[in-house]
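Down below is the structure, laid out as structure tokens.
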Amino acid sequence: MVAPNTAPLNGEPAKAEEREKKHLAPKSYADAVEQEPPSNAANETNDVNGANGMNGAEDEGAKQPGHKTSVLRIVDTGALEMKDKPEERPQFERQESKHEYSATGLDDTPRTPPRYKHRKTGSKSSNSSQDKAITDEKESKSNGVKGSKQGKVNDDRKTVFETVQGEQNGSKLISVKTTGIYERQIRIDEKKAPKQGSPVGLTSGKKAGQRWERSAIRFAPLNVPLHRRLQTLVVLFHTLCIAICVSTFCFLCAIPLFWPLLIPYMIYCMSSKASTSGTLSHRSDFLRSLPVWSLFASYFPARLHRTQELPPTRKYIFGYHPHGIISMGAFASFSTEALGFSQLFPGIRNTLLTLDSNFRIPIYRDYALAMGLASVSKESCENLLSKGGPNKEGMGRAITIVVGGARESLDAQPYQLRLVLKRRKGFVKMAIRTGADLVPVLGFGENDLYDQFQPDSHPKIHKFQLIVKKLLGFTIPLFHARGVFNYDVGLMPYRRPMNIVVGRPIRVVQTLKPEQEEIDRVHELYIQELERIWDTWKDRFAPNRKEEIQILE
């Protein structure tokens, strides 16, 4: 680049002595400032000459002492005169904002330079093209192209503006969008970026607490409502009732002070016939109607349904299916008034039957008799159906037998219904001899309350259970469900709904010595009514069933 040209302000000598020789008036600094500079044509001299001339003038001025000199140097930068071309810039508008206060003196130009703006322009033609683009944008605005949003889109290497207009104060806004090249570059950089991972050569141990995170045990929260806690407490008491009674009796036996009372009590338990007499002298309607049994039934919850009214002038044998693990549905429906049995079947006095061995357990036998339970023995059934009622012949009496018994509990699998019924005909013979109508009862959801081992997958365990059943009269199913403070491990039943449906009665003609054909005929009608109940209500009360009803043995 050529050095800028310099020229002296005045060609006359500046020193006083030289000016006197040439008969010139003395010159002060103020005069030099007020003097007008020469024209541009006079100043356009060679750089070398101008520099020498200035140096010469300074040397000459230095030779004349006593006079003030004034020198004003003008440097020519070589830039083009831009007076004829006023600077043109786009008119930026601001978008209205409800959270912005308008004020004078605000600079609304964008502070962030657009992409590629930092690059130097190669020639004047590129600057002129940008000026032309800005001029075209202003012309398009002047022609009335307005709307909620106006845009000027250039190629990928230039900025993209959007103008938003409004009527409120401070509402003009211009925004800058990212270009396509910018977004593509971001995606490329993300792909090329190294993935985060463990440093090379670093070996970590196992993470603490992983077993707790993968644990299948779900614990109950602390903010469970009070009524649900009470429901759990009542069901827990019923589940562990036998164990609680045995433990209490053993504790009393350990105290010699209670021996004078325990010895007569044991003699009474061994000689009492209250469970088989059929008089129901120990039955307590007050205990059966306590509100705590409503908590027991609402735990699952359980509901009792009837399909037909039963006249109180006849006697009945209710056959409950399936047995399940502990027959929770049978206890809630026929041993308490929690589900409203007396309202559904007025005038009928029902008794739930259980194993005779349960009435040999101290303390528990008295609790069972007060709840209206009786022995399932042949003597007990005949006494209940022939020695009670208004006419003392059993009219208005009913007994409930869990027909499948302990054998059926081994097949109690969730969402399945396998009934041990083909060879169970003793209750049919009892109904014909006493003249009691047979009423099938199907408990939907009874088998869903517990999980237990599959007999097919553990044949040896299943065989051992059958041996115990043959020797002792009862079996020990290996089951589990939930606990008091968790939902996966324990002896508490699951909270799954139960619906007990009472079917239509099968009329029976009383015969003291029934024939086998009559027994088989009534038994077949009984199975058909059970299947009818299943087919009618399975879609409503067993939507998650795995298989249809099966009649075994």
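Being a predicted model, the structure only gives us computed values, none of them experimental.
- When the side chain to side chain donor-acceptor pair (under 3.5 Å) test is applied to His523, no partner is found at least two apart in sequence or on another chain.
- Side-chain contact annotation: Asp366 with His282, donor-acceptor N/O pair under 3.5 Å absent.
- Two residues are said to be in side-chain contact when any heavy atoms from C-beta on lie closer than 4.5 Å; Phe541 and Met498 fail this criterion.
- Rounded to the nearest 0.5 Å, atoms CG (Asp520) and CG (Leu525) are 11.0 Å apart.
- Ser298 and Gln231 share a donor-acceptor pair across their side chains, judged by distance under 3.5 Å alone.
- Between Glu382 and Arg433 there is a salt bridge, since at least one side-chain N of the basic residue sits less than 4.0 Å from a carboxylate O of the acidic one.
- The environment of CG in Leu512 is sparse: at most 12 heavy-atom neighbours from other residues, nucleotides or ligands sit within 6.0 Å.
- A salt bridge links Lys538 to Glu548: at least one charged side-chain nitrogen sits closer than 4.0 Å to a carboxylate oxygen.
- Of all non-hydrogen atoms in Glu529 and Ile506, the two that sit nearest each other are CB-CD1, 4.4 Å.
- With 3.5 Å as the limit, one finds no donor-acceptor pair spanning the side chains of Glu393 and Ser386.
- Between Asp448 and Arg495 there is no salt bridge, since no side-chain N of the basic residue sits under 4.0 Å from a carboxylate O of the acidic one.
- Within 6.0 Å of CD on Glu547 lie more than 12 heavy atoms contributed by other residues, nucleotides or ligands.
- By the 4.0 Å N-to-carboxylate-O rule, Arg521 lies close enough to Glu518 to be salt-bridged with it.
- Ring geometry, Phe334 versus Phe318: the interplanar angle falls from 30° to 60°, so the pair is classed tilted.
- No option in His305, Glu446, Arg303 other than His305 meets the side-chain hydrogen bond (donor to acceptor under 3.5 Å, both in side chains) test with Asn499.
- Distance check, rounded to the nearest 0.5 Å: CD of Gln452 to CD1 of Ile461 gives 11.0 Å.
- Within the 6.0 Å centre-distance limit, the rings of Tyr526 and His321 are counted as a close aromatic pair.
- In this structure, the side chains of Arg360 and Cys269 stay at 4.5 Å or more apart for every pair of heavy atoms.
- Applying the 6.0 Å contact sphere to CD of Gln516 captures more than 12 heavy atoms from other residues, nucleotides or ligands.
- At least one side-chain heavy atom of Phe444 sits under 4.5 Å from a side-chain heavy atom of Leu442.
- Here Arg283 pairs with Asp285 in a salt bridge; the nearest charged N to carboxylate O distance falls below 4.0 Å.
- The OG atom of Ser375 lies 11.5 Å from the CZ atom of Arg365; values are rounded to the nearest 0.5 Å.
- Between Tyr316 and Asn350, the side chains place no donor N or O within less than 3.5 Å of an acceptor N or O (distance only, hydrogens not considered).
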